[in-house]
Amino acid sequence: MRFVSLLLNAVIVGAPAILLMVAFYEGVPVLRDFPFIDRVPVVRELLVGRVPLQAAKARDEGALSERLVWQEKQRRLDIKRDEERLVAQAKIDAAEKARLDASIINAVRYSALEQAIELEREKNAAAEDDIAACREFMPDSVRNALNAIGRLGN
């Protein structure tokens with residue numbers, strides 16, 4: 001008889017303790033049916049359970065740490081992209097300056113050619129009276145000015 005009373009005492013005291021412990025850790029979904037029950041903080045933990053609350057908290061912390069790692073990678077990638085953009089812009093600026101310098105040199109050479117041609121025209125106009133004068137096919141000044149323009153790429 002003593003064994004039965006000990007067993008009955010263990011079941012009467014132990015079973016509710018075990019049920020309360022399981023309810024605390026795993027939650028009691030039946031309580032969700034009551035309106036406004038989730039407003040009470042202690043009951044809210046009984047609704048959801050300790051294990052799912054901690055899992056959700058750990059998931060949120062993990063998501064935050066992953067987001068911070070991703071943001072740091074993005075920041076480093078943005079810095080690298082900006083550096084590459086600055087290098088590319090410097091190359092573009094150098095090419096544009098070279099083209100502008102070549103354009104200026106071209107303009108000076110074309111001006112020299114036009115002056116040489118104008119000088120030849122004046123010489124030819126002055127020499128119109130002298131019909132016997134033998135003229136060159138292309139005077140040296142015009143030839144030199146054309147050679148300067150023709151050799152821009154060299």
Side-chain angles (χ1 to χ4, degrees), residues 1-122 137-154:
M1 188 68 179
R2 185 156 196 243
F3 176 73
V4 172
S5 76
L6 280 175
L7 185 64
L8 194 60
N9 193 14
V11 169
I12 290 173
V13 173
I18 290 173
L19 286 175
L20 282 174
M21 201 165 31
V22 168
F24 178 72
Y25 282 106
E26 297 300 325
V28 182
V30 176
L31 292 177
R32 292 185 192 139
D33 296 336
F34 295 108
F36 304 110
I37 193 95
D38 58 343
R39 306 266 193 248
V40 182
V42 175
V43 178
R44 186 179 324 135
E45 286 188 13
L46 281 177
L47 281 174
V48 177
R50 194 82 177 141
V51 173
L53 281 176
Q54 291 300 322
K57 184 179 175 184
R59 184 180 61 242
D60 292 344
E61 289 174 358
L64 176 66
S65 68
E66 286 297 317
R67 186 177 311 118
L68 291 175
V69 167
W70 179 81
Q71 285 175 346
E72 180 64 22
K73 284 183 180 178
Q74 280 300 116
R75 188 184 67 80
R76 289 181 182 173
L77 189 64
D78 289 343
I79 290 172
K80 182 180 175 185
R81 193 177 305 130
D82 287 343
E83 289 172 356
E84 290 172 356
R85 190 176 300 128
L86 288 175
V87 168
Q89 187 62 44
K91 288 180 182 177
I92 290 170
D93 291 344
E96 186 176 351
K97 184 180 180 313
R99 186 197 59 79
L100 186 62
D101 291 345
S103 173
I104 291 172
I105 290 171
N106 248 358
V108 169
R109 288 180 177 166
Y110 284 129
S111 175
L113 175 63
E114 288 173 2
Q115 287 176 355
I117 291 173
E118 188 60 35
L119 184 65
E120 276 307 308
R121 283 185 184 152
E122 289 174 4
F137 176 70
M138 184 180 292
D140 290 341
S141 61
V142 175
R143 185 194 68 222
N144 292 340
L146 278 174
N147 283 343
I149 290 174
R151 293 189 179 136
L152 280 178
N154 298 336

**OP:** Name all residues meeting the salt bridge (Lys or Arg N to Asp or Glu O under 4.0 Å) criterion together with K73; count only those two or more places apart in sequence or in a different chain, and write none if there are none.
**Re:**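 Scan of K73 (salt bridge (Lys or Arg N to Asp or Glu O under 4.0 Å), adjacent residues dropped) gives none.
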Which distance, rounded to the nearest 0.5 Å, do you find between the [atom1] of [X] and the [atom2] of [Y]?
{"X": "I104", "Y": "R99", "atom1": "CD1", "atom2": "CZ", "answer": "9.5 Å"}
{"X": "D60", "Y": "S65", "atom1": "CG", "atom2": "OG", "answer": "11.0 Å"}
{"X": "Q54", "Y": "E61", "atom1": "CD", "atom2": "CD", "answer": "8.5 Å"}
{"X": "I105", "Y": "L100", "atom1": "CD1", "atom2": "CG", "answer": "10.0 Å"}
{"X": "D82", "Y": "Q89", "atom1": "CG", "atom2": "CD", "answer": "12.5 Å"}

Original post:
Do the charged groups of D101 and K97 touch, with an N to O distance under 4.0 Å?
Top reply: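 Counted as a salt bridge, because a side-chain N and a carboxylate O are separated by less than 4.0 Å.
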Original post:
Should D78 and R75 count as an ion pair when the cut-off is N to O under 4.0 Å?
Top reply: no
Subject >> I117: which of E114, R121, Q115 passes side-chain contact (heavy atoms from CB on, under 4.5 Å) >> reply: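 Between I117 and the candidates, side-chain contact (heavy atoms from CB on, under 4.5 Å) is satisfied uniquely by R121.
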Original post:
Mind checking whether K80 and R76 have side chains closer than 4.5 Å, heavy atoms only?
Top reply: no
